[in-house]
Amino acid sequence: MIDPVVDLDWVRAHAGDVVLADVRWYLDGRSGRAAYQKGHLPGAVFIDLDTTLAGPASPAEGRHPLPDPEVFAAAMSAAGIGDASTVVAYDDAGGVIAARLIWLLRAVGRRAALLDGGLLAYDGELATGSTPPSPAVFSVREWPAERLATLDDAAGGGHVVLDARDAPRFRGDTEPVDPRAGHIPGARNLPCRANVTADGRFLPVAELRERFAAVGVAEGAEVISYCGSGVTACHNLIALEHAGLGRGRLYPGSWSQYSTTDRPAATGD
């Protein structure tokens, strides 16, 4: 397994062995595919969050439940990603969307990493055309239970539960998409977008460790990460592993599932 974060020099040094994946997606409804077609890293394939990295939305499962393993495997195969591939994914938002692909791949034992700095790190000319990749063999693997947390796990105590959303949504000041505002009682706010600098590059490991320590994450802590719908929560898990603090677990339903229940919601800091 490689480190979950690599830079452009690493990608260039392993160019013949890497599949680049563009995973742009926008909460405001803009098209990630249209952004990809307008300009992407040469050779990159486009991976759609809604159809490839998530199953059908529902109140019971949340807005971005985990995809069916067979659907995910078929999509990876069609994108030219095989069992032996090394995938490096990027977006234009510090990796907070692309982290979902990387977390899924690493969860089932594949070699995958985020491109540090994402699209902004690339200093060459972007490509606008694409050649359909040759299908690859990507074996179906079930999502490992030890990497996942349930609603009961996230709400039950005994873990460090991290909420990756921005502070106003965590506090309950605003809630643009889900039924209720607030957060899971006992959760601690660690906005994932603050894992990176203004240019989209990860903070130095020492600073990441300080961020985690400030919300109670020490060596060996049992961490559960959630967000609005289980996508950007993956960024905190990637940062956690990159910082050498373990792998943690993802609560896929996240607030989009929890907020549909009659369980209590906390507000404020």
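Throughout, numbering of the chain's residues begins at 1 and tracks the sequence.
- When side chains are defined from C-beta on, P144 counts as touching V108, because their heavy atoms get closer than 4.5 Å.
- Between the CH2 atom in W25 and the CG atom in D50 there is a gap of 6.5 Å [rounded to 0.5 Å].
- Not a single salt bridge (charged side-chain N to carboxylate O under 4.0 Å, His left out) links D7 to another residue, sequence neighbours left out.
- In this structure, T267 OG1 and F170 CZ are separated by 10.0 Å, a value rounded to the nearest 0.5 Å.
- Atoms CD1 and CG, on I47 and L20 in that order, are 11.0 Å from each other to the nearest 0.5 Å.
- At least one side-chain heavy atom of H183 sits under 4.5 Å from a side-chain heavy atom of R165.
- Side-chain contact between L120 and D92: absent, with no pair of heavy atoms (C-beta onward) separated by less than 4.5 Å.
- R111 and T86 are linked by a side-chain donor-acceptor pair at a separation below 3.5 angstrom, with hydrogens and angles left out of the test.
- For the pair V205/H242, a side-chain contact is recorded, criterion being any heavy-atom separation below 4.5 Å from C-beta on.
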Distance-only donor-acceptor hits, side chain of residues 97-104, under 3.5 Å, sequence neighbours excluded:
residue: R100; atom: NE; partner: L53; partner atom: O; Å: 3.0
residue: R100; atom: NH1; partner: G230; partner atom: O; Å: 2.6
residue: R100; atom: NH2; partner: L53; partner atom: O; Å: 2.9
residue: R100; atom: NH2; partner: H64; partner atom: O; Å: 2.9
residue: R100; atom: NH2; partner: P65; partner atom: O; Å: 3.3

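- In this structure, the side chains of P252 and Q257 stay at 4.5 Å or more apart for every pair of heavy atoms.
- Closest approach of S85 to G80, counting heavy atoms only: OG-O, 4.0 Å.
- The closest side-chain heavy-atom distance from L190 to V217 is not below 4.5 Å.
- Remark: E222 pairs with H159 by the side-chain contact (heavy atoms from CB on, under 4.5 Å) rule, at least two apart or across chains.
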Exercise. Checking salt bridge (charged side-chain N to carboxylate O under 4.0 Å, His left out) for the pair K38/D22: CA distance, chi angles, key distance, verdict?
Worked result: CA-CA 12 Å; K38 187 176 180 180; D22 187 309; over 6 Å; no
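- Evaluation of the ring pair (Phe, Tyr, Trp, His ring centres under 6.0 Å) rule for F46 yields Y36 as partners, not counting sequence neighbours.
- Annotation for E125: atom CD does not count as buried by contact number, only 12 or fewer foreign heavy atoms lying within 6.0 Å.
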For this session: List the steps, then state whether salt bridge (charged side-chain N to carboxylate O under 4.0 Å, His left out) holds for D163 with R171.
Result: CA-CA 11 Å; D163 187 317; R171 292 193 302 262; over 6 Å; no
Exercise. Where do R63 and D178 land on the salt bridge (charged side-chain N to carboxylate O under 4.0 Å, His left out) test, with the steps shown first?
Worked result: CA-CA 9 Å; R63 285 186 282 112; D178 291 319; 2.8 Å; yes
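- Remark: E61 CD to L151 CG distance equals 10.5 Å, nearest 0.5 Å.
- Contact between A239 and N195 at its shortest, heavy atoms only, is CB-ND2, 3.8 Å.
- When all heavy atoms of A89 and V23 are compared, the pair lying nearest together is CB-CG2, 4.0 Å.
- The distance between the ring centers of H235 and F202 falls below 6.0 angstrom.
- For A93, the side-chain contact (heavy atoms from CB on, under 4.5 Å) partners two or more places apart in sequence, or in a different chain, are D91, V96.
- Listed by chain and residue number, F72 satisfy the ring pair (Phe, Tyr, Trp, His ring centres under 6.0 Å) test with F138 (two or more places apart in sequence, or in another chain).
- Across all their heavy atoms, Y26 and S31 have their closest contact at CE1-O, 4.0 Å.
- The two atoms that bring A164 and C227 nearest to each other are CB-CB, 4.0 Å, heavy atoms only.
- Minimum heavy-atom separation, Y258 to Y251: N-OH, 3.7 Å.
- The shortest distance between side-chain heavy atoms of L245 and R209 falls below 4.5 Å.
- Using a 4.5 Å heavy-atom threshold, the side chains of M76 and L105 count as touching.
- To the nearest 0.5 angstrom, R24 atom CZ is 14.0 Å from L49 atom CG.
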